[in-house]
Structures are given as structure tokens and as C-alpha cells.
Amino acid sequence: MSLQQPSLEQRVWLVISAIPRGKVSSYGDIALLAGHPRAARQVGRILNNLPDHSQLPWHRIISQQGKISLSGERGVMQRDVLRKEGVEVSDAGRVDMKKYRWRP
DNA sequence: GGCATGACATTAG
DNA sequence: TCTAATGCCATGC
């Protein structure tokens, strides 16, 4: 009998949905918590494929260096949303990970 | 099964 | 601090 494991996508959704408001996490951390220590790029790909009706707080995911990886309007929107949640974001899209990084 | 892709991470200069 | 190069690995065709 071969039981199917939950896909990486499913696990990523689960982990991200657990991030509290006013905190951020990184692609690498999400991948790690999802059971794939070096699948940070896959996390990005999954988020890019998220349906519009998804309620996932994808905006709380930034790079390990505390920088928004998105460009254009999406990056601006992410920056705006994070600020509304109480996260300090510089105009260049930088966040102080020492303060706002969420870890379980 | 091989090859290209990607919202990354790390290191070097 | 910024850029370039390299490593990593699940997904999709």
C-alpha cells in the first residue's frame, strides 16, 4: 500500500497560514518547516501559483536577508500590507528580521 | 527520463 | 551595501 504524502504545496500552505499578524518569515524557513530544508525556490514557485481567492498571508514571506523579492506593483502592495500590520518596511523594501522574524 | 524554470540562499569581491 | 556567480531542488513539459 502506498499512501500519498501531502504535497509540498499543501505543507507550505499549512505553515504559512500559521504565521501570526505583525510577523514575517522567509522562503527558506517555510521550506524548512515544510520538511524540505533547501526547497526555498519551490516555495516561491508555489506562492506564484496561488489562486487569487486564496486567503494565505503570502505577504508575510520575504527573503532571508529581510528583503522583498517581488518587484513592481506586487512588491509595493506587499510593503504596504506589512506596514499596516505593524511591520517596519523601508522604502527599499527592507525589514528588520531580528525584530519581526517569526519562528515556531 | 532529460531539460528548463524559478516570489531563494550563500559566498566572494 | 550592492552585484555577480554558484549551488539547490521540486515541478512541468
Side-chain angles (χ1 to χ4, degrees):
Chain A
M1 293 291 291
S2 62
L3 296 176
Q4 288 190 351
Q5 301 285 135
S7 64
L8 176 61
E9 189 174 31
Q10 284 280 327
R11 293 189 175 185
V12 167
W13 290 342
L14 197 64
V15 174
I16 293 179
S17 65
I19 303 176
R21 192 167 186 244
K23 289 288 182 178
V24 299
S25 191
S26 67
Y27 301 91
D29 282 348
I30 298 302
L32 182 67
L33 295 174
H36 289 250
R38 292 172 186 172
R41 305 186 72 151
Q42 280 59 258
V43 175
R45 168 174 279 187
I46 290 169
L47 295 183
N48 191 34
N49 283 323
L50 278 179
D52 292 338
H53 56 77
S54 176
Q55 296 299 317
L56 217 59
W58 57 268
H59 49 268
R60 294 178 194 154
I61 310 302
I62 58 182
S63 76
Q64 186 62 51
Q65 299 180 334
K67 194 167 141 194
I68 292 178
S69 296
L70 293 171
S71 58
E73 294 186 24
R74 284 205 225 171
V76 176
M77 181 176 67
Q78 180 173 16
R79 190 183 67 187
D80 189 51
V81 173
L82 287 177
R83 282 177 174 171
K84 286 183 179 176
E85 294 190 345
V87 178
E88 297 178 74
V89 187
S90 72
D91 291 338
R94 306 277 300 260
V95 177
D96 189 343
M97 292 299 279
K98 290 187 291 290
K99 289 184 180 178
Y100 298 105
R101 184 186 186 196
W102 172 76
R103 24 176 61 186

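Chain letters run A, B, ... following the sequence lines, proteins first and then strands; every chain starts at 1.
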Length of the NZ-C1' vector between A:K67 and B:dA9, whole Å: 13 Å
A:S69 vs B:dC8: side-chain N/O to OP1/OP2 distance below 4.0 Å: yes
Separation of atom CE in A:M77 from atom P in B:dA7, rounded to whole Å: 15 Å
B:dC8 base / A:R41 side chain donor-acceptor hit below 3.5 Å: yes
For C:dA10, the Watson-Crick or wobble counterpart (both distances under 3.5 Å): B:dT5
Any donor-acceptor pair under 3.5 Å from A:R60 side chain to A:I19 backbone: yes
Given B:dA7, C:dC9, B:dT10, the nucleotide with the shortest approach to the side chain of A:Y27: B:dA7
Heavy-atom side-chain contact between A:S54 and A:W13 under 4.5 Å: no
Between C1' of C:dC8 and CD1 of A:I30, the distance in whole Å: 18 Å
Main-chain N/O of A:K23 paired to A:K99 side chain as donor or acceptor, under 3.5 Å: no
Value in whole Å for how far the P atom of B:dC8 lies from CG of A:N48: 10 Å
Within one Ile-Leu-Val-Met-Phe-Trp-Tyr cluster: A:V95 and A:M77, side-chain cutoff 4.5 Å: yes
Between B:dC8 (P) and A:I68 (CD1): distance, integer Å: 12 Å
ILVMFWY network linking A:L8 to A:L32, side-chain heavy atoms under 4.5 angstrom: no
Nearest-angstrom distance from the residue atom CH2 of A:W58 to P of B:dC8: 13 Å
Atom pair distance, as rounded to whole Å: NE2 in A:H36 and P in C:dG7: 23 Å
Member of A:E85, A:R79, A:Q78, A:R74 meeting the side chain to side chain donor-acceptor pair (under 3.5 Å) criterion with A:H59: A:E85
A:Q64 side-chain proximity, nearest of B:dC8, B:dT10, C:dC2: B:dT10
Residues A:Y100, A:I62; criterion side chain to side chain contact (heavy atoms under 4.5 Å, CB included); working and verdict: CA-CA 11 Å; A:Y100 298 105; A:I62 58 182; over 6 Å; no
Rounded distance (Å) that lies between atom C1' of B:dA7 and atom CD1 of A:I19: 14 Å
Taking only N/O atoms, report every protein-nucleotides 11-13 of chain C pair under 3.5 Å with atom names and distance.
residue, atom, partner, partner atom, Å
C:dT11, O4', A:R45, NH1, 3.3
C:dT11, O2, A:R45, NH1, 2.7

